[in-house]
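Shown next, in structure tokens, is the structure this report addresses.
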There are 2 protein chains.
Amino acid sequence: MKNLIVASTSTVHGSSYLEYILPTLTDFFKEASTILFIPYARASGKPYDEYTAIARKAFAKIDKKVIGIHEFDNPKEAVQQAEAIFTGGGNTFELVNQLYQNDIIPDLIATIENGTPYLGTSAGSNICGVTMMNTNDMPIVYPPSFKTLGLIPFNINAHYLDPNPDSTHMGETREMRIKEFHVFNETPVLGLREGSWLEVKEDSIMLRGNHSARLFQQNKEAIELEKETKIHQYFK
Amino acid sequence: MKNLIVASTSTVHGSSYLEYILPTLTDFFKEASTILFIPYARASGKPYDEYTAIARKAFAKIDKKVIGIHEFDNPKEAVQQAEAIFTGGGNTFELVNQLYQNDIIPDLIATIENGTPYLGTSAGSNICGVTMMNTNDMPIVYPPSFKTLGLIPFNINAHYLDPNPDSTHMGETREMRIKEFHVFNETPVLGLREGSWLEVKEDSIMLRGNHSARLFQQNKEAIELEKETKIHQYFK
């Protein structure tokens, strides 16, 4: 049975890495003693070891060990044999590029479909969608495809931001960008605000955390979904 | 002799389309009676005709005719025979995708190298760089490559925004994104604020408009370049 937490962000303002969601993760990862960390998104360009150390420090607080996927000779086997998996944020283009370079996409899908608990934050959540086409990141590398894991029937826009009514900036708002996406694509998009996450248990998808989320569908007005909404009801 | 205006934005807050730069364009396009408009970036997802009408209306104020490239049977010939060219903003991924689909990249390079005046705004400016890798846009389509026209020896970050010191948002700032780019790439990046443009005359590149610009180079601290700086001196 699929069992995922798909979080907008690793960190909310004014608190430490993963702090806001650690109580939830204690229960979520209760069957696992070691978590496989995928640092491929290289938040702020960090080397894998340095990024893994940050995840390791956070999970030590709930008595979990963390091993980076780069510490294994065979990343496909690392995924296949993982007790639990966490993909951190950073640059989604580089994350997806590395998922393809290391050929672990089929292994991630199979392992997660088979029930291995998966936590994604930010870029690590974007890849749970059908494509990475609603990332906010800069295209700093050219991945072989934008197709991602497709573990949920829509795309994620992480760190969703409402338009600032006082802004004099002429660049597009987040909502405008997602509307442009729907000129070319049918896949629905969920704008997930920082501090929100999806709890995915097989076909059930619940919105958790303290915020509503914004659902964008092609040729429809965007709608606000209150916290604790059963998101899956919109994808029957 | 290359002759380009590479502008951060088509529109500054509180004024109409191209209004802030029309006096400059009167002189820039003085030898041309008709401007070829490339609407491929489809600002806000607009159909080509609708987008072209907006450019046409603005240029009518300085007595220029505008024809959209989609009105020609052969877009390559349209570029080759143009008196002047303007590529408008919108989504850079879709713009680059269409440049490749219509196979006009070699024609644009040759025509512009040969002296046909070229105006770019936003996405239309991003493509003047070496790659489109510093766009702010969402990857709503998958272009065959991120390589662009290479008419200037660096990349453009249009609509450059300084970090907001009061923000509680945890998504990356523009500067952080460009620093991540330099983990993987050597190409320098110029952050061009709204209301600024580059005036490119063969090997001379001048910063025009009312703002300083921010130059990012690999393994160096970012530097502010005052308005009227000779940008080319940084690329000897």
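Order of the sequence lines sets the chain letters (A, B, ...), proteins ahead of strands, with each chain counted from 1.
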Exercise. Taking the six-membered ring for Trp, are B/F37 and B/F86 parallel (under 30°), tilted (30 to 60°) or perpendicular (over 60°)?
Worked result: tilted
Exercise. Aromatic rings A/F146 and A/F93: how do their planes relate, parallel, tilted or perpendicular, breaks at 30° and 60°?
Worked result: perpendicular
Tell me the closest heavy-atom pair linking [X] and [Y], and the distance in Å.
X      : Y      : value
A/W197 : A/G209 : CZ3-CA, 3.8 Å
B/H70  : B/P39  : ND1-CG, 3.8 Å
A/G124 : A/L95  : N-CD2, 4.0 Å

Please classify the contact between [X] and chain B as side chain, backbone, both or neither, with a heavy-atom cut-off of under 4.5 Å.
X      : answer
A/Y142 : both
A/S145 : backbone
A/E172 : side chain
A/T9   : side chain
A/N136 : both

For this session: Find the one option among A/G90, A/S10, A/P139, A/G14 whose heavy-atom pairs under 4.5 Å with chain B are most numerous.
Result: A/P139
Exercise. Looking at A/I140, A/I178, A/T92, which makes the most heavy-atom pairs under 4.5 Å with chain B?
Worked result: A/I140
Problem set entry | Proximal component of B/F184, with respect to chain A [non-hydrogen, under 4.5 Å] | side chain
Exercise. Does anything in residues 154-169 of chain B get under 4.5 Å of chain A by heavy atoms, and if so which residues?
Worked result: B/N157, B/H159, B/L161, B/S167, B/T168, B/H169
Problem set entry | Contact winner vs chain A - B/N185, B/V141, B/V12, heavy-atom pairs under 4.5 Å | B/V141
Exercise. So, the side chain of B/K64 versus the backbone of B/F29: is there a donor-acceptor pair under 3.5 Å, distance only?
Worked result: yes
Exercise. So, B/E50 side chain and B/P47 main chain: donor-acceptor pair closer than 3.5 Å or not?
Worked result: no
Exercise. Salt bridge between A/E94 and A/R42, side-chain N to carboxylate O under 4.0 Å?
Worked result: no
Problem set entry | Non-hydrogen side-chain atoms of B/H13 and A/M170 separated by less than 4.5 Å | yes
Problem set entry | A/T131 vs A/T187 side-chain heavy atoms within contact, under 4.5 Å | no
